[in-house]
Structures are given as structure tokens and as C-alpha cells.
Amino acid sequence: MSADDTPPGSDPEHPITSLDRRWQAVGERRAHLVTADNPAIAHDYLVEHRGRLQLRFSEDGPPAAVLWRLRYVPDRLVVPRHALDTYMTHLAATPWPLPEAAAAAVIADVGSEVMPRFLQLVLLLDATSGGLRVTFEERRPNWSNPALMARLALL
């Protein structure tokens, strides 16, 4: 077996680190974000997905009911609903230290895989879980559509 055929972590000089495991988990999550071509690339329009899931915020803690809303203005790619549902199911299988960590992961994953012009995620934990709302938002630096953004607050 050559050095290139050595399984990861089996070389004592290059063990798998916790950083390697985290990047592996990111890759596994992002693999579920299957994209499709934007059918209306010349237009700015808003895509909104909503759903419910159960997230755990510790290894042995009970799952918390979470409502989520993902909004984005696509550029070249969109995320079909079935792919987003699969991604969210995979996300829910992982315990998270905080709701903010789960939200940050979704924003990073969707931002990286879909590269939308605008992206917003809201997680809302019900009152029995503390009544917390987490909102993350990203926007491309050179993208601007003030009329669409003004209407966004009304939706």
C-alpha cells in the first residue's frame, strides 16, 4: 500500500483531528443540498420555505420543537423542496450546542452550495423551549434591490 492509499487517520504522524471530523460532517450535510438551475435567472424573486423539525441541543437532552423559515433570492441555483427536506432531516440528526450553531450551519451550507443573492434563516423555538428566535441573514456585497427588500418586511 502506497502512502497515497493510507486510510485517513491510520498514519500515526497524521491522525484525524476534531477539525477533520467537523469538515467531514459539513461535507455530509452539504451533500443533501442538491440544487437545480434557476428557471428565471434574469429576475430577482423571493423563494420561501417553511417547516418544523426537532433539534437536540445536547447529546442526551430531549429534542426541542423548532419552526424554521428559509428565504432566499436565487442567483444561478435553487434548492428543490425535497432536497431541503432531506438536508433538514440530516441536520436534525446531529445534536447542536446552541440554536445559533444550527442556524449558522444552515446559513453557511446554503450560502456555499446555492450562493444566493440574499439569504435569511429564522429558527423559532416554542415557548416550552424558551421562546427563542434566531435570525441569520446574508447578502451579496454588490447586490441591491431596495424594492424587494422593503417588501420583505411585509411578508
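Without hydrogens or angle criteria, R139 side chain to Q120 main chain gives no donor-acceptor distance under 3.5 Å. Checked by atom type and distance alone, the side chain of Y72 pairs as donor or acceptor with a backbone atom of V79 at under 3.5 Å. Proximity of a side-chain donor or acceptor of W96 to a complementary backbone N or O of L91 within less than 3.5 Å is detected. Listed for the R56 side chain is a donor-acceptor partner under 3.5 Å among the backbone atoms of E59.
From E137, atom CD reaches atom CG of L152 across 7.0 Å, with rounding to the nearest 0.5 Å. F118 CZ to R140 CZ: the interatomic distance, rounded to the nearest 0.5 Å, is 13.5 Å. The CG atom of L148 sits 6.5 Å away from atom CG of D44, with the distance rounded to the nearest 0.5 Å. Taking CZ of R69 as the reference point, atom CZ of R50 lies at 5.5 Å (rounded to 0.5 Å). The distance from the CG atom of D109 to the CZ atom of R29 is 4.0 Å, given to the nearest 0.5 Å.
In this structure, L124 is not a member of the same hydrophobic cluster as V134, with clusters built from ILVMFWY side-chain heavy atoms closer than 4.5 Å. L46 is not connected to M115 by any chain of hydrophobic side-chain contacts under 4.5 Å among Ile, Leu, Val, Met, Phe, Trp and Tyr, and they are in different clusters. Both I107 and L132 sit in one connected hydrophobic cluster of ILVMFWY residues. Membership requires side-chain heavy atoms under 4.5 Å apart, directly or through other members. Clustering ILVMFWY residues whenever any of their side-chain heavy atoms sit less than 4.5 angstrom apart, transitively, puts L53 in the very cluster that holds L121. Cluster membership check: V34 does not share its hydrophobic cluster with L70, using side-chain heavy-atom separations under 4.5 Å among Ile, Leu, Val, Met, Phe, Trp and Tyr.
Among all heavy-atom pairs drawn from P116 and V73, the shortest one is CB-O, 3.3 Å. Considering every non-hydrogen atom in both N38 and Y45, the closest pair reads OD1-OH, 2.6 Å. Here the closest non-hydrogen pair linking A92 and Q54 is CB-O, 3.3 Å. Closest non-hydrogen pair, H49 versus W68, comes out as O-CZ3, 3.6 Å. Closest of all the heavy-atom pairs between S112 and R30 is OG-NH1, 3.2 Å.
Side-chain contact check for P99 versus L125: some heavy-atom pair is nearer than 4.5 Å. Annotation: side chain of L77 is in contact with side chain of D37 (closest heavy-atom distance under 4.5 Å). Under the 4.5 Å side-chain criterion, counting only non-hydrogen atoms from C-beta, Y87 is in contact with V106. The shortest distance between side-chain heavy atoms of H90 and T86 does not fall below 4.5 Å. A heavy-atom distance below 4.5 Å is found between the side chains of L119 and V110.
Counting heavy atoms of neighbouring residues, nucleotides and ligands inside a 6.0 Å radius, atom CZ of R76 does not exceed 12 of them. For R52, the CZ atom counts as loosely surrounded, since its 6.0 Å shell holds 12 or fewer non-hydrogen atoms of other residues, nucleotides or ligands.
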Could you check L123 against L67 for side-chain contact (heavy atoms from CB on, under 4.5 Å), going step by step and ending with a plain yes or no?
CA-CA 6 Å; L123 296 184; L67 297 175; over 6 Å; no
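Of the N and O atoms on the side chains of D75 and W143, not one donor lies less than 3.5 Å from an acceptor on the other residue.
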